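Index from 1, following the sequence. Not measured: the values here are computed from a predicted model.
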Amino acid sequence: MQDTPPLEASSSHYIRDDLFIFMHTGPSRNYRILGSVEAGTPVTVLGSDSDTEYTQIKDNQDRTGWVESKFVTTTMSQSEQLPMISEQLADSQANLQQVQQENARLRQQLNDARQKVTQLTTQTEQQASEVSRLTAQVERADKDELVTWFTRGGMVAGAGILLGVFLTYLPKKRNRSKEWM
């Protein structure tokens with residue numbers, strides 16, 4: 001026998017799913033049977049007798065009678081739960097499918113982003129290499145230009161010196177007027 005808590009009067013009670021029970025006209029098996037109540041049938045609890053452990057109920061056919069308290073529960077019957085659970089399952093499956101689609105879309109975006117990052121990283125490395133090459137080329141050009149300017153300056157200075165030396169050895173022009181006198 002199952003130990004059951006005392007039941008309060010309300011309409012949210014059910015006959016347990018695993019059986020059908022007889023409804024009696026009084027709070028024991030000694031009273032006449034009014035009929036049977038099938039498992040999962042919603043009932044309204046009207047009262048209870050704790051001495052005999054019977055509960056007075058009103059069933060879905062508006063019959064009032066007594067049944068054993070251990071067979072009355074506040075848990076909804078499986079037959080009534082099944083459509084709700086099926087609906088919840090369908091909703092959960094639809095949500096799962098939406099989440100899976102979203103997950104697939106996000107994975108595709110992630111893969112695209114990774115490819116783009118790889119491509120941009122490669123481009124960045126190529127551009128950094130090009131910048132290094134061009135910087136080295138500019139530095140070489142600066143050095144070459146500096147050498148060119150020094151060379152030209154040296155040539156101008158050398159030409160000036162040679163011209164100066166050459167001009168000193170040129171014969172001086174004689175005055176003709178001095179020769180006659």
Side-chain angles (χ1 to χ4, degrees), residues 1-140:
M1 291 274 179
Q2 175 178 343
D3 216 10
T4 58
L7 298 170
E8 297 177 14
S10 76
S11 63
S12 61
H13 291 82
Y14 302 88
I15 299 301
R16 290 183 16 184
D17 284 322
D18 54 352
L19 54 99
F20 74 92
I21 58 171
F22 294 111
M23 187 183 323
H24 298 272
T25 57
S28 75
R29 289 186 181 172
N30 295 334
Y31 290 90
R32 184 173 59 85
I33 295 175
L34 291 174
S36 65
V37 181
E38 291 190 26
T41 301
V43 296
T44 302
V45 173
L46 303 175
S48 64
D49 185 346
S50 58
D51 294 336
T52 60
E53 294 185 1
Y54 267 73
T55 300
Q56 187 178 22
I57 63 166
K58 184 174 187 178
D59 68 1
N60 59 350
Q61 298 174 5
D62 283 338
R63 299 181 295 179
T64 302
W66 293 81
V67 294
E68 290 182 66
S69 296
K70 67 180 179 180
F71 298 125
V72 179
T73 180
T74 57
T75 306
M76 189 181 293
S77 72
Q78 292 175 0
S79 61
E80 287 189 20
Q81 288 179 1
L82 184 61
M84 291 187 297
I85 292 173
S86 296
E87 185 178 331
Q88 289 174 350
L89 177 62
D91 290 345
S92 295
Q93 287 174 337
N95 288 340
L96 176 62
Q97 188 175 13
Q98 288 175 348
V99 167
Q100 286 174 338
Q101 289 173 350
E102 181 69 12
N103 193 11
R105 186 183 65 77
L106 291 173
R107 279 189 187 146
Q108 183 61 40
Q109 283 181 345
L110 178 62
N111 288 337
D112 293 346
R114 283 182 178 160
Q115 288 175 353
K116 188 69 173 176
V117 165
T118 302
Q119 180 184 8
L120 291 174
T121 302
T122 303
Q123 267 184 335
T124 301
E125 289 170 357
Q126 289 172 349
Q127 290 172 349
S129 173
E130 183 70 13
V131 165
S132 296
R133 186 184 66 76
L134 291 174
T135 302
Q137 187 178 359
V138 166
E139 288 174 2
R140 276 194 311 273

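The shortest heavy-atom contact between Ser69 and Tyr54 is OG-C, 3.3 Å. Shortest non-hydrogen contact noted between Thr55 and Gly47 is CG2-O, 3.2 Å. A pairwise comparison of heavy atoms in Val67 and Met23 identifies CG1-CA, 4.0 Å as the closest pair. Closest approach of Thr25 to Leu34, counting heavy atoms only: CG2-CD2, 3.4 Å.
The stretch residues 92-105 participates, sequence neighbours left out, in these salt bridge (charged side-chain N to carboxylate O under 4.0 Å, His left out) pairs: Glu102-Arg105. Counting only residues at least two apart or on different chains, the salt bridge (charged side-chain N to carboxylate O under 4.0 Å, His left out) pairs with a member in residues 108-131 are Glu130-Arg133.
With sequence neighbours left out, the side-chain contact (heavy atoms from CB on, under 4.5 Å) criterion links Gln100 to Leu96.
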Report task. Determine, step by step, whether Leu106 and Leu110 satisfy the side chain to side chain contact (heavy atoms under 4.5 Å, CB included) criterion, reporting the C-alpha distance in whole Å, the side-chain angles of both residues, the deciding distance to 0.1 Å, and the verdict. Result -> CA-CA 6 Å; Leu106 291 173; Leu110 178 62; over 6 Å; no
Margin query: Is there a side chain to side chain contact (heavy atoms under 4.5 Å, CB included) between Thr52 and Trp66? Walk through the geometry before answering.
Written below: CA-CA 11 Å; Thr52 60; Trp66 293 81; 5.8 Å; no
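Using a 4.5 Å heavy-atom threshold, the side chains of Arg63 and Val37 count as touching. The side-chain heavy atoms of Ile21 and Glu68, taken from C-beta on, include no pair separated by under 4.5 Å. When side chains are defined from C-beta on, Val117 counts as touching Thr121, because their heavy atoms get closer than 4.5 Å.
Of the inter-residue distances, the one linking Asp51 atom CG with Ser28 atom OG reads 12.0 Å to the nearest 0.5 angstrom. How far CG of Asn111 is from CD of Gln115: 6.5 Å, rounded to the nearest 0.5 Å. Of the inter-residue distances, the one linking Glu38 atom CD with Asp59 atom CG reads 11.0 Å to the nearest 0.5 angstrom. A distance of 11.5 Å separates OG1 in Thr44 from CD in Gln56, rounded to the nearest 0.5 Å.
At most 12 heavy atoms of other shown residues, nucleotides or ligands fall within 6.0 angstrom of atom CD in Gln97. Residue-environment remark: CD (Glu87) stays at or below the threshold of 12 foreign heavy atoms within 6.0 Å.
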